[in-house]
Novice: 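Mind having a look at this structure? Questions to follow.
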Amino acid sequence: AAGRGFRVPWCAAAARAVPTGGRVPCRTRRTVEPRAAARRPSAPSAPPPMIDPQPLAAALPQWAAMVAIAIAAGFVHGFIGVGFPLFATPLFGLLFGWKSAVALLVLPTWLVTLATIVAYRGQADLRGALRVYWPLLAAMPFGMAAGVHALHAVRADVLMLAMAALLVGYLLLDRLGHTDLPWARAHPTLLAAPFGLLAGLTEGALNVAGPVLLMFFLLVDLPVATTIVVLGWLFIAGKTLQAAMMAQRGAFDATAFAAVLPLAVAGIAGLLIGLRLRARFDPSRYRGWLKATLAAMAAWLVLRVAIGGAL
C-alpha cells in the first residue's frame, strides 16, 4: 500500500501521484489567479471628469442662472464685438468652479463666435488682415498647449491675478500715453508672434484670449470691423484646438453636451440684441469701449479672487 498513489481532483497538478497519507502542497486556481492578477499591471484609470454633474442636475434655478448669464454675455459680445467668454467664464466659475466653467463654455463660445462672423460678413478684408497678422494664428496653438497644462497644474486664483496684472499694466501705460507706438503700427507682423503665444496661454488656462488680442489690435490701430472679424476667426481656431485638448483630458461628458444648445441659443439671442443696439452708437467711441471692457475684466478678476472659491 505504501507504493500506491492517489490523485487530488481539486489540484491543478492532479495528474501527479503522491504516497498514501501524505500532504499535497499544491497551488489551486484560487491561490494562483489572485497572485497572477496582482502581478498584472492595472489599466490606467480614466481622467476624472472636469464637470461635476450633481450641481447641474440638482435644481432648475441653476439652469436659469446659466441661461441668464449666457444672454448677458451674448449682449456684451454683440455690442462690443468680443466678450462672451470674458463675461460668462467668471460668473460660471462662481457657480461650478473655474475648471468646470471653462469646460462648459468652450463649445457654446465656438457657436456664438461663428454667429458673430456671419453677422459681420463682407465688412472686413479678412485675407489682407491674415496676410499681416498670420503669426497670431501660428503662435496661438503653442501657447494653448501650455495654457491647458497650466489649467491643471496651477491654482486658478494665481492665473487670474496674473491676467489682471497684465490688463492693469497695459491700461496704466495707455493712461500715461506710452501705448502710442509707431513702431508697432509699422511692424505688426513682428509683434503678432509674442501676442499670439500670450493669447493662446490665456485662452487655454482662463478661457479668455480676448483681452490680450484686444491689447494687440489697439496697439496696431486696426479698424473696428476688421478687428472683430479677425478676432472671430482666431477664436474659432483657438476654441477648436482647445476643445480637442480638453477632450483628451475627459472634460466633456453628457452634462457638458447637454448644456451646449441652450447656452448657445441664449448667447446668440443676446448677441443679436447687442448688435442692434450697437448700430445706434458712434463708432468713434469703440476704442473707449474696449478699454472700459479691459478695466472691467481686470476688476472682476481681482474681485473673483478676493471673494474666494476660485477652484
Side-chain angles (χ1 to χ4, degrees), residues 48-52 54-56 61-62 65-66 68-70 72-77 80 82-106 108-109 140 143-175 195 197-216 218 235 238-239 242 245-246 249 251 256 259 263 267 289-311:
M50 293 181 66
I51 301 176
D52 181 5
Q54 296 302 322
L56 289 178
Q62 287 184 320
M66 291 168 62
I69 292 170
F75 172 80
V76 173
H77 195 101
I80 300 177
V82 295
F84 184 82
L86 197 71
F87 185 87
T89 305
L91 294 178
F92 270 62
L94 288 173
L95 295 175
F96 310 110
W98 196 268
K99 292 180 182 179
S100 296
V102 172
L104 282 167
L105 288 169
V106 167
T109 300
M140 280 186 68
M144 185 89 63
V148 172
H149 175 74
L151 178 64
H152 294 267
V154 183
R155 288 178 57 85
D157 52 359
V158 174
L159 296 171
M160 286 187 279
L161 287 176
M163 183 71 178
L166 177 67
L167 298 179
V168 171
Y170 170 80
L171 292 171
L172 287 176
L173 290 175
D174 182 76
R175 184 71 175 176
F195 271 87
L197 285 173
L198 187 57
L201 177 66
T202 58
E203 179 74 5
L206 297 174
N207 201 40
V208 283
V212 175
L213 294 173
L214 287 180
M215 286 190 292
F216 172 77
L218 286 170
F235 285 165
K239 289 299 175 187
Q242 184 187 20
M245 291 181 177
M246 294 180 68
R249 293 178 175 265
L263 293 181
W289 296 342
L290 293 183
K291 294 174 185 178
T293 302
L294 295 178
M297 180 61 182
W300 176 249
L301 287 171
V302 174
L303 178 63
R304 180 73 180 88
V305 174
I307 63 178
L311 295 179

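All heavy atoms count here, side chains included; hydrogens, waters and symmetry mates do not. It should be emphasised that the depicted structure is a prediction, and the values quoted were computed from it without experimental measurement.
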Novice: Rounded to the nearest 0.5 Å, how far apart are CG of L303 and CE of M160?
Specialist: 10.5 Å
Novice: Under the rule for side chain to side chain contact (heavy atoms under 4.5 Å, CB included), what residues qualify as partners of I69, not counting sequence neighbours?
Specialist: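 Applying side chain to side chain contact (heavy atoms under 4.5 Å, CB included) to I69 gives A88, L91, F92, L95.
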Novice: Quick check: closest heavy atoms across A150 and L159, and the distance to 0.1 Å?
Specialist: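 Looks like O-CD1, 3.9 Å.
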Novice: Which class fits the ring pair H77 and F84: parallel under 30°, tilted 30 to 60°, perpendicular over 60°?
Specialist: perpendicular
Novice: Taking all heavy atoms of V212 and all of A199, pick out the closest pair and write down the distance.
Specialist: CG1-N, 3.7 Å
Novice: Compare every heavy atom of L263 with every heavy atom of L104, then report the nearest pair and how far apart it is.
Specialist: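 Taking every non-hydrogen atom into account, O-CD1, 4.1 Å.
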Novice: How many angstroms lie between atom CE of M163 and atom OG1 of T202, to the nearest 0.5 angstrom?
Specialist: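 Between M163 CE and T202 OG1, I get 4.5 Å after rounding to 0.5 Å.
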Novice: Can you give each donor-acceptor pair under 3.5 Å made by side-chain atoms of residues 166-174, sequence neighbours left out, with the distance rounded to 0.1 Å?
Specialist:
from: D174; atom 1: OD1; to: T179; atom 2: OG1; distance (Å): 2.7
from: D174; atom 1: OD1; to: K291; atom 2: NZ; distance (Å): 3.3
from: D174; atom 1: OD2; to: K291; atom 2: NZ; distance (Å): 3.1

Novice: Do I80 and L290 have side chains that get closer than 4.5 Å, going by heavy atoms?
Specialist: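 When only atoms from C-beta onward are counted, L290 and I80 do touch, with a gap below 4.5 Å.
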Novice: Going by the rule ring-ring contact (aromatic ring centres under 6.0 Å, His included), which residues pair with F87 if we only count those two or more places apart in sequence or in a different chain?
Specialist: none
